[in-house]
Structure formats: structure tokens, C-alpha cells
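Computed from a predicted structure; not experimentally measured.
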Amino acid sequence: DPNEDTEWNDVLRDFGILPPKEKPKDEIEEMITFFLFVLVKPYERMNLKELKEAEDDFDEADMKAVEMYRQQRLQEWKHLQRRQKYGELREISGEQYVKEVTNAPEDVWVIIHLYRSSIPMCLLVNQHLGLLARRFPEAKFVKAVVNSCIQNYHDRCLPTIFVYKTGQIKGRFIGVAECGGINLKVEELEWKLAEVGAIKTDLEENPKKDIMDMMTFSMQ
């Protein structure tokens, strides 16, 4: 019997002929593991509704911990709701401008692109903003045909990007040059929006830095 506790089996185990004998589990260790898993901080496995129903079973120390955990879950829920609410480049009309942009929640950055579909640069900016909207769902990205918002807006001012926070314009990029040029890359637009605070980028430096340095050197 390979499971029998004999000297011969011990010799066979030493030579690797039999597998090592399994060590019996410590019952006390198992009880402690069970206690930690089942009894300690049960509120960490509860949703907000379950926390409310279980309040009567907690003492004062538990209630403080529960309240902290409730606030954490509430913030996570709000964050999830916002991610579900944004995350795309939405089309709005001029009539929706005040509601969607100026009167947006105070903690939300709003990036709006005024465009005309007949201008290729505007289409490029829309494409880049669509990618950034999915990458940064905490910010609100919208676009609007310029004539629905501003009558007789000159084409040389397009594309136009306004960045809002708390109903105020925090950044603006007007015209092809300010928006980054006809060869604009999405990383360059990401850097521009990050510079005014609208998004938090992982980029460590301006993607156009090398080009700008070369231009400066050539001018010198």
C-alpha cells in the first residue's frame, strides 16, 4: 500500500519511487481560514441594498467600516454610471448646446467640435475625437454642425474645438493650424486636450516635440 506509513515506503519516497506523503491539514488553520473568509468584513461582499438591510447586525466599529465601504461602493457605482453615460462622440444640435455643454455637471469636462462635413480636416478631427471618447469615457465628447450653433461662421475657423468645465471655456483650438495641421495624429490631439486638463494622458511628452525642435533648429 503506497499510502501506508512504513519504513519501506519511506525509503521508496527518499528515492523518488513513491510520491511524497501528503501532510495532514491543520484543523485549526482550516477553521481560521474559514473564519477570515466567512465572518470577517462580510460587508465587503454586499451591495448597497444588502448593506442597508444588515445595519442592525453591526456594532459601532462595524458601522464605521461599513460607512467607509458604502461610500467607496457608491463612488465606484457613480464612476460606472458615468462610463456608461459617456464613452462616445455624440452629435448634438445648436438647441442642445446650453443643456449638453454649458450646463453639463460641474465635475465633467466637455469637448465640443464645431464642424462642417465638407471640410476634410473636420472629418479627421471627428475621427480622432471618436477614438479619444472611447479611451477617456469620463469626459464628454460632442460634435455639432457649425451652422446649427453659429450662423455665418467662416470656414477658415474650422475645425473649432472648445473645451468646457463648469460652464466656462477652458481651452479653444480654432482653425487648421491650432488644431494641429492637416497631418494631425490622434496622439497630438490627446496631448492638446491633456494640456488644458480635459483628460489625463499617459503620454510623457508632446508627440510633436521632435518636429517642433527640428523646425526651431532650421529657423535658427
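- Within the 4.5 Å cutoff, no side-chain heavy atoms of Leu114 are placed close to those of Pro159.
- Tracing side-chain contacts under 4.5 Å through hydrophobic residues (I, L, V, M, F, W, Y), one never reaches Ile161 starting from Leu203; they form parts of separate clusters.
- Grouping the Ile, Leu, Val, Met, Phe, Trp and Tyr side chains by contacts below 4.5 angstrom, directly or via other members, places Ile150 apart from Val145.
- Taking 4.5 Å as the limit, every side-chain heavy atom of Ile111 sits out of range of all side-chain heavy atoms of Leu132.
- The shortest distance between side-chain heavy atoms of Val196 and Arg172 does not fall below 4.5 Å.
- No side-chain heavy atom of Phe173 sits less than 4.5 Å from a side-chain heavy atom of Leu189.
- Looking only at side-chain heavy atoms (C-beta outward), Tyr153 and Thr160 come within less than 4.5 Å of each other.
- Defined by atom type and a distance below 3.5 Å, a donor-acceptor pair is present between the side-chain atoms of Trp191 and Glu195.
- Between Glu106 and Thr166, the shortest heavy-atom contact is O-CG2, 3.3 Å.
- Residues Leu89 and Leu131 are members of one and the same hydrophobic cluster, defined by side-chain heavy-atom contacts under 4.5 angstrom among Ile, Leu, Val, Met, Phe, Trp and Tyr.
- Contact detail for Gly94 and Cys149: the closest heavy-atom pair is CA-SG, 3.8 Å.
- Under the 4.5 Å side-chain contact rule for hydrophobic residues, Val108 and Phe141 share a cluster.
- With rounding to the nearest 0.5 angstrom, the OH atom of Tyr97 is 7.5 Å from the CD1 atom of Ile92.
- Between Ile174 and Cys157 the shortest heavy-atom distance is CG2-O, 3.6 Å.
- Judged by distance alone, with hydrogens and angles left aside, the side-chain atoms of Gln151 form a donor-acceptor pair with the main-chain N or O of Asn147 at under 3.5 Å.
- Residues Val125 and Tyr115 are not in side-chain contact: their nearest non-hydrogen atoms beyond the backbone lie 4.5 Å or more apart.
- Here the side chains of Lys185 and Pro207 are not in contact, with every heavy-atom distance at 4.5 Å or above.
- Each of Glu190, Arg135, Lys192, Glu187 was compared with Thr201 under the side-chain hydrogen bond (donor to acceptor under 3.5 Å, both in side chains) criterion, and only Glu190 meets it.
- Leu123 and Leu129 are assigned to two separate hydrophobic clusters, defined by single-linkage of ILVMFWY side chains at heavy-atom distances under 4.5 Å.
- Trp109 places none of its side-chain heavy atoms less than 4.5 Å from the side chain of Ile199.
- Put simply, CZ on Arg90 and CD1 on Ile112 are 10.5 Å apart, with the number rounded to the nearest 0.5 Å.
- With rounding to the nearest 0.5 Å, the separation of SG in Cys179 from CG in Leu124 is 10.0 Å.
- Taking both residues in full, the closest heavy atoms of Met121 and Gly181 are given as CE-O, 3.0 Å, listed atom of the first, atom of the second, then distance.
- Salt bridge present: Glu100 and Lys140 bring a charged side-chain N and a carboxylate O closer than 4.0 Å.
- The line from CG of Asn126 to NE2 of His113 is 5.0 Å long, rounded to the nearest 0.5 Å.
- Atom CD of Glu178 has more than 12 neighbouring heavy atoms from other residues, nucleotides or ligands inside a 6.0 Å radius.
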